[in-house]
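The sequence lines fix the lettering, A, B, ..., with proteins before strands; numbering per chain opens at 1. Every value quoted in this text rests on a predicted model; they were computed, and no experiment measured them.
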2 protein chains.
Amino acid sequence: MIPLVNSSGSTKERILGAAEVLFAQRGFDGASLRQLTAAAGVNLAAVNYHFGSKEKLVEQVFRRRLDALNERRLTALAKVAGADGTTLEDVLAAYIRPALELSHDDNGSLFMRVLARAFAEHDDSLRQFLSENYGHVMRQFTAEFARLLPQLSKQELYWRIDLVTGALTHAMSGFGMIQRKSDVSEHAHREQTAQHLIRFAVAGLSHP
Amino acid sequence: MIPLVNSSGSTKERILGAAEVLFAQRGFDGASLRQLTAAAGVNLAAVNYHFGSKEKLVEQVFRRRLDALNERRLTALAKVAGADGTTLEDVLAAYIRPALELSHDDNGSLFMRVLARAFAEHDDSLRQFLSENYGHVMRQFTAEFARLLPQLSKQELYWRIDLVTGALTHAMSGFGMIQRKSDVSEHAHREQTAQHLIRFAVAGLSHP
DNA sequence: GGCCGGTTCAAACGATCGTTTGAGCATACG
DNA sequence: CGTATGCTCAAACGATCGTTTGAACCGGCC
C-alpha cells in the first residue's frame, strides 16, 4: 500500500505513448487494445488494470497533453489579456504557439491529429469530456477576442471563432507531417508556420 | 439477365441512406453492418450482395453525393473562371453554395459530417480514393485562385487554401445541426451562412 | 523466512464483427 | 409449363473485439 503519488512509471507511459500513435493513425475504434499493447510491449490486460477501460484510456491520452498545453495557453494569455497595447496577434500567438511547440516532444505532433479526430467526432461522451475539462480555456480566449473586437456582434464573433478553430485544428493536425526542407531548422520551420496561422487567423477574425 | 441500368431501386438506396446517417453519427468503423441494415430495414447480407464489401459501400456513399456536388461546383466555376470581372467571392461561392444546398436533400446535411470525418482520417486508402476521383476539382479551383491572387507565391497560396478548406469543412459539417430560429426561412438561413463563409474565406485568402 | 500489496502474465469469457453459404422466393422468357 | 435470373433471407463461418480471471512474480516489511 502507501502507493507513491504516481505509482506507475513505465508501463502506463508506454501504453499512453503507443495509444497516441495508434489513435492518430487508425482512430479510436480502429486501434485495438491488442495492437496497442503489442506496440507498447506490455501485456493485454495492462490497459484495463491501469486505466479501467479503453474509454478511460482515451481520456487519459487527452489529459496527458491537454493539461499542460492549455495551462501554457492560459499562462500566455494572462500575460496579454486585458492590457492596453494587446493585439489580436498576441492573443492568437498565446493559443497557437504552445500547440506547435508540442512537436518538440516525442510524438507530440501526432497528438494534434488525435485532437482533430475528436473534433470531427460528434460523439457525445467524448465531446462532453472535452467540454467539461477544457471548455473554460476557449471561454477565456473568446472573452479576450470580444474585448479586442468590440464592433462584432456576439453571433458574428462566434461564427468567426468557429471558422478559425476549424482552420487551425486542421492545419495543426498536419504539422510535423509535411517534410521540412533540410536547410531549414526546426525552429525556423515552426516559426514560419506560426506566422502563417496567426496572420490567417487575424484576417479571418478582423475583416470588416 | 439484361438488368436495367439501375436494377436496384429500393434496397440499395435504403442502405446508402442509412449508411450516411450512421457513418456521420458513429464513424466508418463505429457503425456496424448489423446496425446499418437494421436501420435500413434490409437483410444483413444485402450489403455484401449489392456492394461487395463494407469498404465499397463507403466509397459509394461518397460517390452518391460527391459526383453531383462536384459537378455543380465545376459548372458554377466554369461560369466565372478566366473571365475579366471575376472576384474571389464568385469563385468561393461556386465552391460553397452547392455544398450548402445539399441540406435540401433528406440527409444531405449529414453528408458533410461524413466528409469531415474522412478529412480527419489520415487513412491511406480512403484519401487515395477521394484524391483519385475528386482531386481534379480542387486543382481547378486552385488554378483560378492562383489567377486571382498573382501576388502570392505558390507556397503561400497552398497554405491559405489549406486553411480555408479546413475552416469550411469544419463549419459545413455543423451546418444543419445548429437550431435555426423559426422566424428565419431555411433559404435565408442558408444565404446568411453562405455570406459568413464566403467573407471569411475571402479575408483568409487575400489578406496582405 | 513468511506474508502482502502491486504488478504482470497466459488464458479464457461472451459479444460482436464482416463475410459467406445455400435454400427460398419472385418474376420474366423460351 | 419449366427453367433461368435477380434478389432476399436465416443461419452460420472464423476472426477479432474489450474485458475478466486466477495464478505467478516481485519488492519491501514485520
Distance-only donor-acceptor check, side chains A:Gln195 and A:Glu191, under 3.5 Å: yes
Whichever of A:Lys54 and B:Ala46 has its nearest DNA chain D nucleotide further upstream toward 5': B:Ala46
C:dT8 phosphate, OP1 or OP2, under 4.0 Å from A:Thr11 side-chain N/O: yes
Atom CZ of B:Arg26: over 12 foreign heavy atoms under 6.0 Å: no
Length of the line joining B:Leu33:CG and C:dT16:C1', which is rounded to integer Å: 12 Å
For atom CD of B:Glu55 and atom C1' of C:dC17, their distance in whole Å: 16 Å
Closest approach of B:Gly30 to A:Asp29 (non-hydrogen atoms, all atoms of both residues): CA-OD2, 3.7 Å
Spacing of B:Leu57 atom CG relative to C:dG18 atom P, expressed in whole Å: 11 Å
Gap between atoms NE2 and C1', on A:His50 and C:dT8 respectively (whole Å): 8 Å
Whole-Å gap separating P (D:dG18) and CZ (A:Phe28): 14 Å
Touch class at under 4.0 angstrom, heavy-atom based, for B:Ala45 against every strand present: base
Distance in angstrom units between B:Gln35 CD and C:dT16 P, rounded: 10 Å
